[in-house]
Amino acid sequence: MNALLIRDLRLAVRAGGGLGLGLAFFLIVAVLVPFAVGANTDLLSRIAPGVLWIGALLACLLSLDRILALDFEDGTLDLLATAPVPLEAALSIKALAHWITTGLPLVLAAPILGVLMSLPPQGYLWLVVSLLLGTPALSVIGTFGAALTVGIKRGGLLLSLLVLPLYAPTLIFGAEAARRGAAGADVSTPMLLMAGISAGVIALMPFASAAALRINLR
Amino acid sequence: MSLNVTDLTIARGGLPVLNGLSFALDPGQALILRGPNGSGKTTLLRTIAGLQPALSGTIDAGEDQIAYAAHSDGLKAMLSVTENLQFWADVFGQNDIEPALRAFDLTTLQDRLAGTLSAGQKRRLGLARLLVTGRPVWVLDEPTVSLDTASVALFADAVRVHLGQGGMALIATHIDLGLDEAAILDVTPFAAKPEARFGASDEAFL
């Protein structure tokens, strides 16, 4: 289990590993939106939580097909499926590795990019908390999408279409929590709902992912 | 501990390829599978490894006994030889990768990135993985592809040592490995007739 996590992280930081892809995309979104919307601080600070959440979500989406496609191509998945590690656990670990290399950097970068978006001062804490609680769900759901589309050549489009609706609840509650935080309102309801979604998918989604992957490996 | 296959029917892409296949493998025995391309050798090995279900029949191999080696070696180009092998050793709960490196003459290459190895060297690394699984039944699909004669001899030695320790090997291959003690099974007589369905769903056309 640890071996798989360490290997995935090591691969991500080696050349061509794709670490920083999501982060760079997130940065580009946060830098370009103020240019596109115009130097209207009021408007920017109002849309900041939503734009940062969409940026994080799309940045996550960008690297999803890497979770399993590379391992499928070089035959690692076949060998892993015959290894003593349960496939459910292996996929949870791969989702965790994806979160550490994609989700966590986004969470850490969000406050800095919040400055570019003129996020109100009281919004920073709740933006970070909502992303911290929400991005694990994005990685776990993404792993399910990757398991569904793993055998398909250039399955990236199909993967996005399959995963986006599943991302919607997390986005709605996450962005709402961040928005309420920025407006100084009570964040508990959306935050709890989103945390519940995250906890639920982390507990249940690996079983669906493993079932989908077993069918795709046949 | 043995591998027993009884009255097995298997399908590839929804079409039955082999039917009524039975064999048994006891500790210390090797079985070489032969048959023309497309006769179902790979499908048979994948089914025995548990990667796909059989249409009918039973495979009795016990839990977690099989080490499977496919056409592709599952190597990561950006990891070194040692890192690749150590990863699989960790996954299978083993520690010592030195004997595996020595058995396949990889000691001098151990710090090279797997991506910079030649095809034959990669294959040797892929086969060295079998030694770190610690599992008794080796299920090997064309293990000698891109190996030179010296490396084939290394491989045959590794199989012999494995059999000597009470292991088993099921090998699909076209060349002569020099394993005189191994039995040979030609799968051609077991080919399923095209019109026979055996309950297979024709998913390729759905």
Side-chain angles (χ1 to χ4, degrees), chain A residues 1-21 63 66-94 96-98 101 147-148 150-153 210-218, chain B residues 10-14 42-43 45-55 61 63-80 83-95 113-115 122-123 125-126 129-130 132-135 137-139 141 201 203-204:
Chain A
M1 301 277 270
N2 285 339
L4 186 57
L5 181 63
I6 290 167
R7 186 200 70 140
D8 270 18
L9 295 181
R10 200 181 260 158
L11 283 171
V13 295
R14 296 264 164 104
L19 178 74
L21 179 73
S63 52
R66 299 185 65 94
I67 299 178
L68 295 175
L70 299 177
D71 278 348
F72 180 76
E73 277 162 23
D74 62 19
T76 308
L77 279 184
D78 279 349
L79 304 178
L80 213 50
T82 57
V85 186
L87 212 47
E88 288 81 1
L91 286 170
S92 299
I93 294 289
K94 290 193 87 64
L96 176 64
H98 177 259
T101 54
L148 273 178
V150 71
I152 304 168
K153 292 261 179 268
L213 187 58
R214 280 202 188 92
I215 291 168
N216 271 332
L217 284 182
R218 274 180 197 173
Chain B
I10 54 172
R12 182 184 58 234
T42 296
T43 314
L45 295 181
R46 286 181 67 85
T47 310
I48 290 173
L51 287 166
Q52 61 180 62
L55 285 180
E63 188 99 345
D64 282 349
Q65 299 295 323
I66 290 174
Y68 172 64
H71 291 285
S72 39
D73 294 312
L75 302 176
K76 289 293 169 191
M78 294 313 293
L79 295 181
S80 74
E83 285 168 335
N84 267 301
L85 207 52
Q86 188 66 54
F87 165 67
W88 288 111
D90 291 342
V91 165
F92 284 90
Q94 308 281 315
N95 289 316
L113 289 181
K122 279 183 191 161
R123 183 97 279 219
L125 178 52
R129 188 185 61 83
L130 293 167
V132 302
T133 59
R135 290 193 166 175
V137 186
W138 288 3
V139 173
D141 198 357
S201 77
E203 55 191 323

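As the structure is a computational prediction, the values presented were derived from the model and not from experiment. Chain naming here is simple, since letters A, B, ... match the order of the sequence lines and numbering starts at 1 in each.
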Counting heavy-atom pairs under 4.5 Å with chain B, the top scorer among Ile6(A), Asn2(A), Leu80(A) is Leu80(A)
Got a sec, which residues hit ring pair (Phe, Tyr, Trp, His ring centres under 6.0 Å) with Trp88(B), two or more places apart in sequence or on another chain?
none
Please check: side-chain N/O of Arg46(B) versus main-chain N/O of Leu217(A), any donor-acceptor pairing under 3.5 Å?
yes
Counting only non-hydrogen atoms closer than 4.5 Å, does Leu79(B) touch chain A with its backbone (N, CA, C, O), its side chain (CB onward), both, or neither?
both
When only pairs under 4.5 Å are counted, which of Thr133(B), Val91(B), Thr47(B) shares the most heavy-atom pairs with chain A?
Val91(B)
Only residue of Leu79(A), Asp78(A), Leu77(A) satisfying side-chain contact (heavy atoms from CB on, under 4.5 Å) with Leu51(B) is Asp78(A)
Taken in chain and number order and not counting sequence neighbours, the residues that satisfy side-chain contact (heavy atoms from CB on, under 4.5 Å) with Ala61(B) are Leu3(B), Ile66(B)
For Met78(B) and Leu11(A), which heavy atoms make the closest approach, and how far apart are they?
CB-CD2, 4.4 Å
Considering only heavy atoms, which portion of Arg12(B) lies under 4.5 Å from any heavy atom of chain A: side chain, backbone, both, or neither?
neither
Measure the CZ-CD distance between Arg10(A) and Glu83(B) for me, rounded to the nearest 0.5 Å.
4.0 Å
Would you give the length of the straight line joining atom OG1 of Thr76(A) to atom CG of Leu75(B), rounded to the nearest 0.5 angstrom?
7.5 Å
Smallest heavy-atom separation, Arg14(A) atom then Ser80(B) atom, equals NH1-N, 4.4 Å
Side chain from CB out, backbone as N, CA, C, O: work out which of these in Asn84(B) comes under 4.5 Å of a heavy atom of chain A, or both, or neither.
neither
For Ala83(A) and Arg135(B), which heavy atoms make the closest approach, and how far apart are they?
C-NH2, 3.8 Å
Against chain B, work out which of Ala3(A), Gly75(A), Pro84(A) has the most heavy-atom pairs shorter than 4.5 Å and name it.
Pro84(A)
Counting C-beta onward and ignoring hydrogens, is there a side-chain heavy-atom pair between Ser72(B) and Glu73(A) closer than 4.5 Å?
no
